[in-house]
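A short worksheet on the structure shown next.
For this chain, numbers begin at 1 and follow the sequence in order.
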Amino acid sequence: MTKKPMSKAGYDKSMAEYTQLKTVDHPAILVAVKAARDLGDLSENAEYSSAKETERNINKRMRYLEEIIENAEIIDVASLSGDRVTFGAHVVVEDEDGRQMQCQLLSDIEADGRSIVACTSPFGRAMIGKCVGDTCVVKTPSGDREYEILEISFKK
């Protein structure tokens, strides 16, 4: 699998969640599964079914985070600069209706869809490589939307 860019803060947050799951949550759910199993008949044991479902969810999330961490290309966004939109850039754009939006381009796992936009999203991909004054067209379900790049900064 190819490496995917991720900020140091995003990497640290993913590592902290993974560590919490592996060292605290997973061992605790194993104890809960054993306790529920000791209650007897597993076919009608709601505690056991619930504990096993939680265990599956924890294992799934741990596998997901392992893949993210293993394939992360950590980028120190504090060291970035330039006049083009790239990973880590803080961008101010204005849409066709005159509404302004400020966001930062980071990784998929760090994105919140509002102030932090995934660099791989249609909006993020449309802005990559653009300069102040350029326009970008974003394909949306309701049609193409045009945005003008007003400001690009790399905050330290």
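When all heavy atoms are compared, the tightest approach of H26 to K22 is CB-O, 4.1 Å. A126 and V137 make their closest contact through CB-O, 3.6 Å (heavy atoms, listed as atom of the first residue, atom of the second, distance). Taking every heavy atom of both residues into account, I75 and P5 meet most closely at CD1-CB, 3.6 Å. Closest heavy-atom contact between L105 and I128: CD2-CD1, 3.5 Å. The heavy-atom pair separating C136 from I149 by the smallest distance is SG-CD1, 4.4 Å. S7 approaches L106 most closely through the heavy-atom pair CB-CD2, 4.1 Å.
Looking only at distances, a side-chain donor or acceptor of D134 sits under 3.5 Å from a matching main-chain atom of C131. A donor-acceptor contact shorter than 3.5 Å is absent between the side chain of R145 and the backbone of V138. Proximity of a side-chain donor or acceptor of E96 to a complementary backbone N or O of E146 within less than 3.5 Å is detected. Checking side-chain atoms of S50 against main-chain N and O of A46 turns up no donor-acceptor pair under 3.5 Å. At distances below 3.5 Å, not a single donor-acceptor pair connects side-chain atoms of K130 with backbone N or O atoms of E148. Side-chain atoms of D76 come within 3.5 Å of backbone atoms of A78 as a donor-acceptor pair (strictly under, hydrogens ignored).
If you take CD1 on I29 and CG on N57, they are separated by 9.5 Å, rounding to the nearest 0.5 Å. Distance CE/M6 to OH/Y11: 9.0 Å, rounded to 0.5 Å. Within the model, atoms NZ of K4 and CD of E67 stand 7.0 Å from one another, a figure rounded to the nearest 0.5 Å. Annotation: the span from I58 atom CD1 to L21 atom CG amounts to 6.5 Å, rounded to 0.5 Å. Considering CG of L65 and NZ of K60, their distance stands at 12.5 Å, rounded to 0.5 Å.
Using a 4.5 Å heavy-atom cutoff, the side chains of H90 and I152 are not in contact. Put simply, the side chain of V91 does not reach to within 4.5 Å of the side chain of Q104, judged on heavy atoms. Contact check for M101 versus F123: side-chain heavy atoms found under the 4.5 Å cut-off.
Donor-acceptor pairing under 3.5 Å is recorded for the side chains of Y18 and E66. At a cut-off of 3.5 Å, with distance as the only test, no side-chain donor of Q102 or S115 sits close to an acceptor on the other residue. Checking S107 against E110 by side-chain atom types alone, a donor-acceptor pair falls below 3.5 Å.
I74 and Y64 fall within a single hydrophobic cluster, where Ile, Leu, Val, Met, Phe, Trp and Tyr are joined by side-chain heavy atoms under 4.5 Å apart, directly or via other members. Put simply, L30 and M62 are part of two different groups of oily side chains (I, L, V, M, F, W, Y) that touch within less than 4.5 Å, one to the next. In terms of hydrophobic clustering, with Ile, Leu, Val, Met, Phe, Trp and Tyr side chains grouped at heavy-atom distances under 4.5 Å, V132 and F87 are assigned to a common cluster. Side-chain heavy atoms closer than 4.5 Å link hydrophobic residues (I, L, V, M, F, W, Y) into clusters, and following such links, possibly through other members, connects M15 to I109. Residues V92 and V77 are members of separate hydrophobic clusters, defined by side-chain heavy-atom contacts under 4.5 angstrom among Ile, Leu, Val, Met, Phe, Trp and Tyr.
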